[in-house]
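Here's the structure we're looking at; comments come further down.
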Amino acid sequence: MHIETIVSEFKARYHATPRLFKAPGRVNLIGEHTDYNDGFVFPMALDRYTHVAVAPRADRRVDVYSANLKEEFSFSLDNNEHAQHHWSDYIAGMAHVLEKAGYALPGAMLYIHSDVPVGSGLSSSAALEVSSALAFLSLISQIIPGPELARLAQKAENQFVGMNCGIMDQFISIHGRADHALLLDCRSLNYELVPLDSSHARIVVCNTMVKHELGASAYNQRRQECETGVRIMQKQWPEIKALRDVTLEKFGGIQADLPAVVARRCRHVISEDERVLESVGALKHNQLRYFGEKMNASHDSLRDDYQVSCDELDQMVEIARAQPGCMGARMTGGGFGGCTVNLVELEQVEAFCANVEKMYQQRTGHKPQIYVSVPSQGAGEKIL
Ligand code: GLA
């Protein structure tokens, strides 16, 4: 949907002139299920955005219209304590968290359009939280520093929506930069923007078009298994606070003392943190092949040790790896469906997309969506 259309439809619906805010979805290149273990992630913002047009109301009512769903919803800021199990929860949750943090908001009229695919593991929810947070804050002329805003958006999702996610998605949606991926230390929230040279390769995102319902409960279960691992290891090493504090070498000496499943979960997270740092180091020296190998190892670890892949993701990865010019392929995001991320040599991208599309459909019966992506700019106002 064009910006002009969003604005003109806003005006026709609400008879007011809006400001416009946008926030992107993301794809994580490497560092999966490490964020809630105080570890490292390496995502980039996608060139797919959620746009929110906004104008204030004189009372405390919030009217929201979703152009994607062609559906409207209203709520009062005075009666906004609980989720309604509705798409508007991300917006209501954001308003709730902002008010709790001391930002008294007026009512608002919102018009929303998103081209981040929903339910595909590309963080459409973070894009909605962040864009609506900026929209609400504009009404009171407030700016919140990026890391703090990311924490508040995560809080909206954890405490209001009820999804116990880490900080990665909200953080990259805010801090993404064109032509860069972002190395984030999820403990300190220190980050580094690392240039992604697109003259030799492309990031190709392949959507399996499936989403297995297991997702949310399995996610929380994995978190608990990681915490169990930390608790057991703390008996021997009281100084550790999270899996981030354990090296693979150190872990080797204790893993036999952990329950088998807990040991596998911990091994994934600890090895994944090391893969992130090694692969980012390699990328800085333009060693794309090495980066791709680490992506492959990440997938294998997520499939075998963390057990958050699924047949469709494994098929997509297997097909991708067999294509000429594919340097690395892995599932991305929480797992149990959604997307894979692939590093593909520039000259081979077209053939890669055509072959993967055909072969995945032949094997699974699902027609995939494929997005050739460039790292894009994070959230902000679109000046009209
Ligand atoms: C989801 C969560 C993130 C992160 C990933 C797994 O996308 O929202 O916080 O934990 O899963 O890496």
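A donor-acceptor contact shorter than 3.5 Å links the side chain of R222 to the backbone of Y306. The backbone N or O of I240 sits less than 3.5 Å from a side-chain atom of Q234, completing a donor-acceptor pair. The main-chain N or O of I270 is never found under 3.5 Å from a side-chain atom of E274 such that the two would form a donor-acceptor pair. A distance-only check finds a donor-acceptor pair linking the side chain of H285 to the backbone of G281 [under 3.5 Å]. No side-chain donor-acceptor contact under 3.5 Å links T50 to the backbone of S114. In this structure, R48 contributes its side chain and D115 its backbone to a donor-acceptor pair below 3.5 Å. Proximity of a side-chain donor or acceptor of H268 to a complementary backbone N or O of E32 within less than 3.5 Å is detected. Judged purely by atom type and a 3.5 angstrom limit, R202 has no side-chain atom pairing as donor or acceptor with the backbone of V349. Side chain of N342 to main chain of A329: no donor-acceptor pair is present (N/O by atom type, distance under 3.5 Å, no hydrogens or angles). A donor-acceptor pair under 3.5 Å is absent between the side-chain atoms of S173 and the main chain of G25, judged by distance alone.
Using a 30° and 60° split on the angle between ring planes, H33 and Y219 fall in the tilted class, from 30° to 60°.
For the atom pair CZ (R19) and CG (L139), the distance works out to 8.0 Å, reported to the nearest 0.5 Å. To the nearest 0.5 Å, atoms NZ (K284) and CG (L183) are separated by 6.5 Å. Between E381 atom CD and I143 atom CD1 the span is 9.5 Å, to the nearest 0.5 Å. Note: L346 CG to F352 CZ = 13.5 Å, rounded to the nearest 0.5 Å. The CZ atom of R330 lies 9.5 Å from the OG1 atom of T340; values are rounded to the nearest 0.5 Å. Interatomic distance, CG of N37 versus SG of C186, reported as 9.5 Å (0.5 Å rounding).
Considering every non-hydrogen atom in both I30 and E272, the closest pair reads CG1-OE2, 3.8 Å. Taking all atoms of both residues into account, the shortest heavy-atom contact from Q170 to C165 is NE2-SG, 3.8 Å. Across all their heavy atoms, S131 and V52 have their closest contact at OG-CG2, 3.3 Å. When all heavy atoms of N296 and G328 are compared, the closest pair comes out as OD1-CA, 3.4 Å. Contact detail for S124 and P117: the closest heavy-atom pair is CB-O, 3.8 Å. Here the closest non-hydrogen pair linking A45 and Q377 is CB-O, 4.4 Å.
The cluster map of Ile, Leu, Val, Met, Phe, Trp and Tyr, joined by side-chain heavy atoms under 4.5 Å apart, puts W87 and L122 in different clusters. Clustering ILVMFWY residues whenever any of their side-chain heavy atoms sit less than 4.5 angstrom apart, transitively, puts V64 in the very cluster that holds L77. Under a hydrophobic clustering in which Ile, Leu, Val, Met, Phe, Trp and Tyr are joined whenever their side-chain heavy atoms come within less than 4.5 Å, directly or via other members, L105 and I144 fall into the same cluster. Using a 4.5 Å cut-off between side-chain heavy atoms of Ile, Leu, Val, Met, Phe, Trp and Tyr, with links allowed through other members, L134 and Y65 fall into different hydrophobic clusters. The hydrophobic clustering, which links ILVMFWY residues whose side-chain heavy atoms are closer than 4.5 Å, places V194 and L288 together.
Using a 4.5 Å cut-off on side-chain heavy atoms (C-beta onward), E225 and C266 make no contact. The closest side-chain heavy-atom distance from R267 to F251 is below 4.5 Å. Side-chain atoms of L302 and S309, non-hydrogen and from C-beta on, never get closer than 4.5 Å to each other. Considering only heavy atoms from C-beta on, F10 comes within 4.5 Å of M109 through its side chain. Taking the side chain as every heavy atom from C-beta outward, I203 and L29 approach each other to under 4.5 Å. The shortest distance between side-chain heavy atoms of F21 and V130 does not fall below 4.5 Å. Taking 4.5 Å as the limit, some side-chain heavy atom of V372 sits within range of a side-chain heavy atom of C353. Counting only heavy atoms from C-beta outward, the side chains of D245 and E239 never approach each other to under 4.5 Å.
Other residues, nucleotides and ligands contribute over 12 non-hydrogen atoms within 6.0 Å of the CZ atom of R187. Remark: D197 CG is packed, more than 12 non-hydrogen atoms of other residues, nucleotides or ligands lying under 6.0 Å away. Dense packing is recorded around NE2 of H86, with more than 12 heavy atoms of other residues, nucleotides or ligands lying under 6.0 Å away. More than 12 heavy-atom neighbours from other residues, nucleotides or ligands sit within 6.0 angstrom of NZ on K250. No more than 12 heavy atoms of other residues, nucleotides or ligands sit less than 6.0 Å from atom CD of E350.
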Report task. Check the pair D63 / Y14 against side chain to side chain contact (heavy atoms under 4.5 Å, CB included), numbers first and verdict last. Result -> CA-CA 9 Å; D63 292 331; Y14 295 121; 4.0 Å; yes
Requested in this report: Applying salt bridge (Lys or Arg N to Asp or Glu O under 4.0 Å), run through K155 and E129 and close with a yes or a no.
Outcome: CA-CA 10 Å; K155 209 171 182 184; E129 287 151 9; over 6 Å; no
Query raised in the report: Checking side-chain hydrogen bond (donor to acceptor under 3.5 Å, both in side chains) for the pair R265/Q307: CA distance, chi angles, key distance, verdict?
Result: CA-CA 8 Å; R265 306 300 187 242; Q307 297 180 301; 2.9 Å; yes
Report task. Quick one: do H51 and M1 satisfy side chain to side chain contact (heavy atoms under 4.5 Å, CB included)? Show the steps, please. Result -> CA-CA 10 Å; H51 282 95; M1 195 174 204; over 6 Å; no
Report task. Check the pair N80, V62 against side chain to side chain contact (heavy atoms under 4.5 Å, CB included), reporting the backbone distance first and the verdict last. Result -> CA-CA 10 Å; N80 186 32; V62 178; over 6 Å; no
Query - ring-ring contact (aromatic ring centres under 6.0 Å, His included) between Y191 and F171, worked out - result: CA-CA 10 Å; Y191 67 97; F171 200 95; 5.4 Å; yes
Requested in this report: Test D305 against V269 for side chain to side chain contact (heavy atoms under 4.5 Å, CB included), laying out the working first.
Outcome: CA-CA 9 Å; D305 275 347; V269 173; over 6 Å; no
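Ion pairing between a basic and an acidic side chain is recognised when a charged N comes within 4.0 Å of a carboxylate O; R26 and D169 show such pairing. Taking the charged nitrogens against the carboxylate oxygens, K241 and D38 have no contact shorter than 4.0 Å, which rules out a salt bridge.
In the model, Q255 has no side-chain atom that pairs as donor or acceptor with a side-chain atom of R264 under 3.5 Å. Using modelled atom types and a 3.5 Å distance limit, the side chains of H299 and D314 yield a donor-acceptor pair. Donor-acceptor pairing under 3.5 Å is recorded for the side chains of H212 and E312. For the residue pair R275 and S301, a side-chain donor N or O sits within less than 3.5 Å of a side-chain acceptor on the partner.
Judged by a 6.0 Å distance limit and a 45° cone about the ring axis, R13 is not positioned over the six-membered ring of Y111.
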